[in-house]
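Okay, so here's the structure we're looking at.
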Amino acid sequence: MTYDLVVIGAGPGGYVCAIRAAQLGMKVAVVEMRKTLGGTCLNIGCIPSKALLYASEMFEEAAHGLGALGVVVAPPKLDLAAMMKHKDDTVAANVNGVAFLFKKNKIDWAVGEGRIAAPGKVVVKGEDGAEQTLETKAIVIATGSDFARLPGVEIDERTIVSSTGALTLPKAPKRLIVVGAGVIGLELGSVWRRLGAEVAVVEFLDRILPGMDSEVARQFQRMLEKQGFAFHLCHKVTRVAKAAGVLTTAIEPVAGGEAKTIEADVVLVAIGRRPFTENLGLEALGVATDRGQVVVDAHFATNVPGVYAIGDVIRGPMLAHKAEDEGVAVAEILAGQAGHVNYDVIPSVVYTTPEIAAVGKTEDELKTEGVAYKAGKFPFTANARARAMRHTEGFVKILADAATDRVLGAHIVGFGAGEMIHEAAVLMEFGGSSEDLARTCHAHPTMSEAVKEAAMAVEKRAIHI
Ligand code: FAD
Ligand code: NAI
């Protein structure tokens with residue numbers, strides 16, 4: 001049989017692409033070497049981390065948040081095995097959901113490692129070494145990414161862990177060192193701090209969360225420090241020595257200077273992710289890559305006819321929803337439609353306490369690009385619902401073009417930020433202005449009123465500050 005489309009990799013990019021292509025009438029197969037569908041995101045990424053983030057947040061709330069609301073409970077006890085079961089059940093429900101969707105859409109799953117032998121030919125090597133060849137009109141590479149290694153520091157996934165090991169620790173470490181103050185470090189650092197670990201974060205740069213608005217990052221760092229995080233900014237880890245169950249970590253100022261050591265039971269290395277293309281046969285096929293990324297044009301086509309790529313393996317933010325939208329777009333392009341992704345409006349969320357959410361330009365980017373803009377800000381301390389829930393930390397910032405008032409960016413630090421950001425995303429997709437947002441009636445009392453007030457603050461007419 002000849003397929004219309006063979007997708008390699010069943011992460012959010014690949015599985016969504018396959019489903020959309022099947023909806024459009026294509027005969028589709030997906031090659032996936034993992035034992036379950038869903039890729040990094042569903043198995044060892046977004047989903048298990050969010051299950052642990054939610055559960056650990058509830059643990060902390062029960063210990064420190066409920067009393068102030070007049071809800072008196074005995075100090076909570078941690079049943080880590082039950083918490084891990086909640087995480088595993090959540091993962092199972094999601095990966096099984098994708099298997100169900102494959103059946104529903106008549107998508108074939110070829111289990112094994114895929115290699116592109118030639119345009120239109122994908123060889124699948126099963127666990128037993130047996131190979132089969134799938135013939136296809138088009139191939140989409142959606143092989144995702146893998147964690148970056150720190151030279152000289154070997155990940156054993158027990159005491160020196162990547163995010164994968166950090167999702168399955170058998171007990172809360174007493175002391176955790178996180179290398180990298182990015183999204184993974186702060187999310188998984190939060191999980192284990194809430195469950196009892198002292199967390200020290202070593203970051204190469206002079207700030208946390210690179211890429212996020214620097215005002216947001218500065219204020220958020222102070223919030224994390226109040227929670228007990230210790231930060232060693234402008235430092236790099238040069239060595240991790242293991243002796244008698246203790247990890248002695250040598251850290252050194254990036255600018256040079258005296259090295260010091262800090263001790264821990266577990267070290268989490270979270271210094272970024274790299275595109276994954278091992279054994280795919282790209283070199284032999286002549287597919288162009290750039291620093292590991294598969295190079296694609298605006299229509300996700302590589303330089304080899306009939307071979308496309310999406311998700312973490314190509315340029316752009318390594319986010320599940322970005323991969324999904326690219327999956328839909330490339331399927332529609334293959335079906336002769338006008339699939340498209342608007343890279344100017346891709347929200348991103350850090351699922352910490354409080355949450356951080358952003359869409360569009362940061363203030364730093366607008367300054368660098370020389371764009372004249374106006375900023376409107378509103379703090380949650382002035383929001384009635386936030387006070388009623390004791391979630392007054394944080395603020396909303398709306399950035400609008402000084403001449404046209406078009407909203408160019410929105411940044412939220414606060415409880416529920418990851419949900420609230422989408423009203424700004426929809427507004428920006430429609431090219432809306434801060435006035436459009438300011439004149440949209442918002443239900444009272446809601447946290448979202450702070451978004452409206454921040455939009456009103458762009459023209460200095462916020463009511464409650
Ligand atoms: P992947 O999800 O990496 O899937 C690729 C799949 O391809 C894998 O299953 C792999 O086994 C398979 N594969 C690779 N090579 C082959 C081959 N040759 N043959 C067969 N199969 C192959 N993003 C968010 O948006 N929100 C979050 O909250 C979030 N949390 C995260 C938390 C963690 C701890 C991590 C690690 C990542 C997180 N991410 C999050 C990022 C997100 O997981 C990725 O952006 C997303 O999974 C990328 O999707 P993808 O389809 O490109 O690739
Ligand atoms: P990251 O790129 O977010 O952060 C890595 C951090 O490590 C950076 O601050 C960087 O300066 C620092 N760093 C790099 N080398 C270092 C070194 N040698 N010593 C000290 N610090 C060093 O990468 P992270 O956190 O590993 O996450 C990978 C990707 O996964 C991210 O790009 C993100 O898009 C995705 N992700 C998304 C989530 C979300 O959307 N909520 C959650 C988790 C991951």
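Indexing begins at 1, ligand by ligand and atom by atom, following the structure's order.
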field: Side chains of D312 and S145, donor plus acceptor under 3.5 Å
entry: yes

- prompt: Going by the order shown, which atoms of ligand 1 are within less than 4.0 Å of some heavy atom of F276?
  reply: 14 (C), 15 (N)

- request: Run down the list G39, G13, S348 and name the one with the heavy atom closest to atom 51 (O) of ligand 1.
  value: G13

- prompt: Is there a donor-acceptor pair under 3.5 Å between the side chain of N303 and the backbone N or O of G286?
  reply: yes

- request: Quick one: closest heavy-atom pair of E393 and P354, and the distance?
  value: OE1-CD, 3.5 Å

query: Taking the six-membered ring of F220 as reference, does the NZ or CZ atom of R218 fall below 6.0 Å from its centre and within a 45° cone about the axis?
result: no

- prompt: Which atoms from ligand 1 have a heavy atom of P12 less than 4.0 Å away?
  reply: 2 (O), 46 (C), 47 (O), 49 (O), 51 (O)

query: Checking E203 side chain against L233 main chain: does a donor-acceptor pair fall under 3.5 Å?
result: no

task: Give the contacting part of K322 toward ligand 1: side chain, backbone, both or neither, where contact means a heavy-atom distance below 4.0 Å.
output: neither

- prompt: Short question: side chain of D265, backbone of R175 - any donor-acceptor pair under 3.5 Å?
  reply: yes

- line: One should read off an interatomic distance between N279 CG and R115 CZ, to the nearest 0.5 angstrom, of 9.0 Å

May I have a table of the N/O to N/O pairs between ligand 2 and the protein that fall below 3.5 Å, each row giving the two atom names and the distance to 0.1 Å?
{"from": "ligand 2", "atom 1": "3 (O)", "to": "V183", "atom 2": "N", "distance (Å)": "3.3"}
{"from": "ligand 2", "atom 1": "9 (O)", "to": "E203", "atom 2": "OE1", "distance (Å)": "2.6"}
{"from": "ligand 2", "atom 1": "9 (O)", "to": "E203", "atom 2": "OE2", "distance (Å)": "3.2"}
{"from": "ligand 2", "atom 1": "11 (O)", "to": "E203", "atom 2": "OE2", "distance (Å)": "2.6"}
{"from": "ligand 2", "atom 1": "21 (N)", "to": "F204", "atom 2": "N", "distance (Å)": "3.2"}
{"from": "ligand 2", "atom 1": "23 (O)", "to": "G272", "atom 2": "N", "distance (Å)": "3.4"}
{"from": "ligand 2", "atom 1": "25 (O)", "to": "V183", "atom 2": "N", "distance (Å)": "3.2"}
{"from": "ligand 2", "atom 1": "25 (O)", "to": "I184", "atom 2": "N", "distance (Å)": "2.9"}
{"from": "ligand 2", "atom 1": "26 (O)", "to": "G272", "atom 2": "N", "distance (Å)": "2.9"}
{"from": "ligand 2", "atom 1": "34 (O)", "to": "M318", "atom 2": "O", "distance (Å)": "2.9"}
{"from": "ligand 2", "atom 1": "40 (O)", "to": "V349", "atom 2": "O", "distance (Å)": "3.4"}
{"from": "ligand 2", "atom 1": "41 (N)", "to": "E187", "atom 2": "OE2", "distance (Å)": "2.9"}
{"from": "ligand 2", "atom 1": "41 (N)", "to": "V349", "atom 2": "O", "distance (Å)": "2.7"}

- line: closest protein heavy atom to atom 2 (O) of ligand 1 is T40 N, 2.9 Å

query: Nearest protein heavy-atom contact for atom 7 (O) of ligand 1: which residue, which atom, what distance?
result: G9 CA, 3.2 Å

statement: The answer for which part of P48 has a heavy atom under 4.0 Å from ligand 1 is neither

task: Could you check which of E32, H321, M33 puts a non-hydrogen atom nearest to atom 12 (C) of ligand 1?
output: E32

statement: Logged contact type for R115 with ligand 1, heavy-atom cut-off 4.0 Å, is neither

- prompt: With atoms numbered from 1 as shown, which atoms in ligand 1 lie under 4.0 angstrom from a non-hydrogen atom of I44?
  reply: 34 (C)

query: Going by atom types only, do T40 and N43 share a side-chain donor-acceptor pair under 3.5 Å?
result: no

- prompt: Hey, does the side chain of T302 reach the backbone of Y308 with a donor-acceptor pair shorter than 3.5 angstrom?
  reply: no

- line: Counting heavy atoms under 4.0 Å, the part of F147 that contacts ligand 1 is neither

statement: Taking only non-hydrogen atoms of K50 and a 4.0 Å limit, the atoms of ligand 1 in range are 27 (C), 28 (O), 29 (C), 30 (N)

- request: With atom 25 (O) of ligand 1 as the reference point, say which of A320, A270, G327 has the nearest heavy atom.
  value: A320

- prompt: At what distance is the nearest protein heavy atom to atom 36 (C) of ligand 1, and which residue and atom is it?
  reply: R273 NH1, 3.4 Å

- request: For the pair E157 (side chain) and S162 (backbone), establish whether a donor and an acceptor sit closer than 3.5 Å, ignoring hydrogens and angles.
  value: yes

query: With a cut-off of 4.0 Å, which atoms of ligand 1 are near a heavy atom of S49?
result: 32 (C)

message: Give me the residue, atom name and distance of the protein heavy atom closest to atom 19 (N) of ligand 1.
response: G114 N, 2.8 Å

- request: Within a distance under 4.0 Å of any heavy atom of S145, pick out the atoms of ligand 1 and give their elements.
  value: 3 (O)

message: List the residues meeting salt bridge (Lys or Arg N to Asp or Glu O under 4.0 Å) with R20, not counting sequence neighbours, and say none if there are none.
response: E332

query: Any idea which part of N279 is under 4.0 Å from ligand 1, heavy-atom wise: side chain, backbone, both or neither?
result: neither

task: Output yes when a side-chain donor or acceptor of E60 lies under 3.5 Å from a complementary backbone atom of E57, and no otherwise.
output: no

Set of residues satisfying side-chain hydrogen bond (donor to acceptor under 3.5 Å, both in side chains) with respect to E198, sequence neighbours excluded: none

statement: Honestly, for V313 the part within reach of ligand 1 (heavy atoms, under 4.0 Å) is neither

message: I'd like to check which ligand 1 atoms, numbered from 1 as shown, lie under 4.0 Å from a non-hydrogen atom of C41.
response: 2 (O), 43 (O), 47 (O)

- request: Quick one: look up the protein heavy atom nearest atom 39 (N) of ligand 1 and list residue, atom name and how far away it is.
  value: C46 SG, 3.7 Å

- line: atom 33 (C) of ligand 1: closest protein heavy atom, distance to 0.1 Å, is G45 CA, 3.3 Å

Donor-acceptor pairs under 3.5 angstrom involving side-chain atoms of residues 4-15: please list them, not counting sequence neighbours.
{"from": "D4", "atom 1": "OD1", "to": "K137", "atom 2": "NZ", "distance (Å)": "2.8"}
{"from": "D4", "atom 1": "OD2", "to": "K27", "atom 2": "N", "distance (Å)": "2.7"}

query: How close does the nearest protein non-hydrogen atom get to atom 45 (O) of ligand 1, and which residue and atom is it?
result: D312 OD1, 2.9 Å

task: Check each atom of ligand 1 against the heavy atoms of G311 and keep those under 4.0 Å away; list them by number with element.
output: 52 (O)

field: Polar contact flag, side-chain donor to acceptor under 3.5 angstrom, E187-T352
entry: no

task: Could you tell me whether E127 and K35 make a salt bridge, using a distance below 4.0 angstrom between a side-chain N and a carboxylate O?
output: yes

- prompt: Does the pair E154/R149 count as a salt bridge with the N-to-O cut at 4.0 Å?
  reply: no

message: Would L280 count as being in polar contact with ligand 1, using the rule that some N or O on each side must be under 3.5 angstrom apart?
response: no

- prompt: Will you find, in the side chains of E326 and Y343, an N or O donor that is under 3.5 Å from an N or O acceptor?
  reply: yes

- prompt: What protein heavy atom is closest to atom 41 (C) of ligand 1, reported as residue, atom name and distance in Å?
  reply: M318 O, 3.7 Å

- prompt: Does F395 have K377 sitting over its ring (NZ/CZ under 6.0 Å from centre, angle to axis within 45°)?
  reply: yes

